[in-house]
Amino acid sequence: MKSPIRNRKYATEITADNEGEHVRIAGWVHEKRHLGGVFFLVVRDLGGFAQVTLHKGEVEKELFERVKKVPRESVVAIEGKVKSEKKAPNGYEIIPERMEVQSEASQVLPLDTTGKVGAELDTRLDARFMDLRTERTKHIFIIRSRVLKAIRDFLDERGFIETNTPKIVSAATEGGTALFPISYFEREAFLNQSPQLYKQMLMASGFDKVYEIAPIFRAEEHDTTKHLNEATSVDIEVAFVSDKEVMALLEELIAFVYTKVMDYPGLAKLNLKLDVPKTPFRRINYDEAIKLLSEAGEEIEWGEDLSTSAEHTLGDIISELYFITDWPCAIKPFYAQPGDVEAEGKRKDICNAFDLMHPKVELASGSQRVHSYELLKRNIESKGLSADGFEFYLDSFRYGMPPHAGWGLGVERLLMSMLGIDNIREVVLFPRDRRRLAP
RNA sequence: GCCCGGGUGGUGUAGAGGCCUAUCAUUGAGCCCUGUCGAGGCUCGGACUCGGGUUCAAAUCCCGACCUGGGCGCCA
């Protein structure tokens with residue numbers, strides 16, 4: 001009988017107060033401890049661990065022998081009576097009456113699930129399904145789920161509309177990164193590097209505030225602890241606002257996500273203390289960043305992007321979440337709005353663009369967008385791109401496009417920076433990198 | 001793409017020309033043990049990434065391939 005379990009209880013749903021009750025639990029055989037006359041079987045489920053105790057002579061001999069023999073990590077369903085017991089880990093134990101082995105695990109295991117012997121990340125990723133059975137990994141992904149829910153709750157509450165834009169796109173791109181070519185019937189197509197063009201087009205729809213949480217694909221051959229070839233991006237776009245408003249929204253969102261993660265009980269399993277970052281975050285402009293770096297002995301020529309070591313140096317100096325604003329247009333995409341010379345005494349070669357930085361890694365970047373058809377077209381061409389390829393995008397700017405602003409936030413980078421995890425692969429179930437295409 | 005490391009039982013490691021029929025832990029098989037919670041004790045199994053080369057002798061040195069860790073570039 002390999003049947004579903006009726007009235008299944010999680011280990012954490014049972015307490016000593018259930019003394020005498022009949023319960024059914026199901027899960028994986030985490031550990032077995034045989035002390036001769038007494039045998040402990042630790043069953044693991046999503047909630048935690050339940051101890052099943054068998055006394056020789058007090059339990060059927062056949063059952064005792066079967067429990068003794070069931071291999072670790074097998075899936076079992078157990079029916080028995082709850083007994084309040086001070087000596088048991090959770091204050092109770094289960095005296096079994098029946099055990100059904102629903103799936104017997106082969107031996108030996110590719111990974112230790114108890115935490116006694118470590119495994120390298122590569123080994124863990126090869127056997128990710130089993131790695132997810134370990135406490136630490138399990139909690140990382142439950143937290144990931146909470147982070148995504150928090151983001152949706154936050155944006156939904158503020159009137160955002162969740163959207164889905166295509167991941168298979170034609171050749172036209174923002175430039176910069178390399179794309180994955182794919183075969184699309186008789187044509188060539190590409191995997192989308194970001195929803196940028198589409199979310200902007202939606203600004204011409206009247207939706208006003210949109211967001212999308214979706215995969216992005218980058219064909220870069222980088223091999224680092226903070227890059228993936230398939231990542232998840234939170235993208236927002238808001239009409240009738242400037243970069244200032246979406247920056248404020250971003251910092252509030254980050255703080256909100258932190259508070260939601262802090263509430264999570266499993267956080268203790270990651271040996272982590274979280275502090276909610278104070279808003280508003282510190283803002284420095286590009287010129288100040290260059291100056292700070294120069295004072296620290298890191299010379300950056302004006303107009304150059306920040307190198308990895310410059311990012312780290314700056315992160316050490318500031319040591320909290322911060323924005324870098326007012327970037328040179330030359331190193332920002334064509335859709336970033338240049339400063340308004342007349343209104344604010346700003347330079348035309350400076351854009352209303354920003355990056356959100358964690359001391360260790362860039363988390364997000366955004367800007368006020370160009371909403372003038374003419375300027376946008378000129379910008380595309382001045383970046384050496386062909387306006388023809390952008391016709392579908394440019395068209396949306398010709399029939400009433402409001403001013404707008406937005407940003408893109410890397411979910412994995414937010415998670416890794418929040419949880420103090422060094423390798424981005426740890427926060428993706430099945431990461432795709434230069435070498436890894438399976439599992 | 002560049003630079004620097006590393007590939008030893010299922011997992012994590014020690015070993016740096018002969019002392020290696022290769023260390024330790026954990027796992028596996030089995031035995032003892034009636035309160036474990038990283039249980040304990042005993043017995044047994046299980047490995048030098050692959051291909052060339054140097055040498056009387058290679059896990060150890062050299063070359064190549066493959067795999068892999070880190071830094072940088074690029075990129076978000």
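Protein chains get the first letters and strands the later ones, always in sequence-line order, with residue 1 at the start of each. As the structure is a computational prediction, the values presented were derived from the model and not from experiment.
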When you measure from the side-chain N and O atoms of A:Arg435 to the phosphate of B:U68, is any distance below 4.0 Å, counting only OP1 and OP2?
yes

Within residues 52-82 of chain A, the residues having a heavy atom closer than 4.0 Å to RNA chain B are A:His55, A:Lys56, A:Arg72

With A:Glu251 as partner, the option from A:Lys278, A:Arg283, A:Arg282, A:Lys244 fulfilling salt bridge (Lys or Arg N to Asp or Glu O under 4.0 Å) is A:Arg283

If you measure from the C1' atom in B:A65 to the same atom in B:C31, how many Å do you get, rounded?
47 Å

Does this structure show an ion pair linking A:Arg436 with A:Asp126, if we count only N-O contacts that are shorter than 4.0 Å?
yes

Between A:His34 and A:Lys83, whichever has its closest RNA chain B nucleotide further toward 5' is A:Lys83

Is the distance from OP1 or OP2 of B:G70 to the nearest side-chain N or O of A:Asn423 less than 4.0 Å?
yes

Tell me which residues in residues 9-29 of chain A lie within less than 4.0 Å of RNA chain B, going by non-hydrogen atoms.
none

Positions of residues 116-127 of chain A (non-hydrogen atom under 4.0 Å from RNA chain B), listed by number
A:Lys116, A:Val117, A:Gly118, A:Ala119, A:Glu120, A:Asp122, A:Thr123

Anything below 3.5 Å on both distances counts as a pair; with that, list the stems of at least three consecutive Watson-Crick or G-U pairs involving RNA chain B.
B:1-7 with B:66-72, B:10-12 with B:24-26, B:28-32 with B:40-44, B:49-53 with B:61-65

Using ring-ring contact (aromatic ring centres under 6.0 Å, His included) as the criterion, list what pairs up with A:Trp327, not counting sequence neighbours.
A:Tyr286

For the aromatic rings, using the six-membered ring if either is Trp, is the centroid distance between A:Phe180 and A:Phe217 under 6.0 Å?
no

So, for A:Tyr393 and A:Tyr335, is the gap between ring centers shorter than 6.0 Å?
no

Polar atom pairs (N or O), protein with nucleotides 43-49 of chain B, under 3.5 Å:
none

If the P atom of B:C20 is compared with that of B:A16, how far apart are they to the nearest Å?
12 Å

RNA chain B nearest-nucleotide lookup for A:Leu109 and A:Ala364: closer to the 5′ end is A:Leu109

On a plain distance test, is the side chain of A:Gln51 in donor-acceptor contact with the base of B:U36 below 3.5 Å?
yes

Distance, C1' atom - from B:A47 to B:G7, rounded to whole angstrom
12 Å

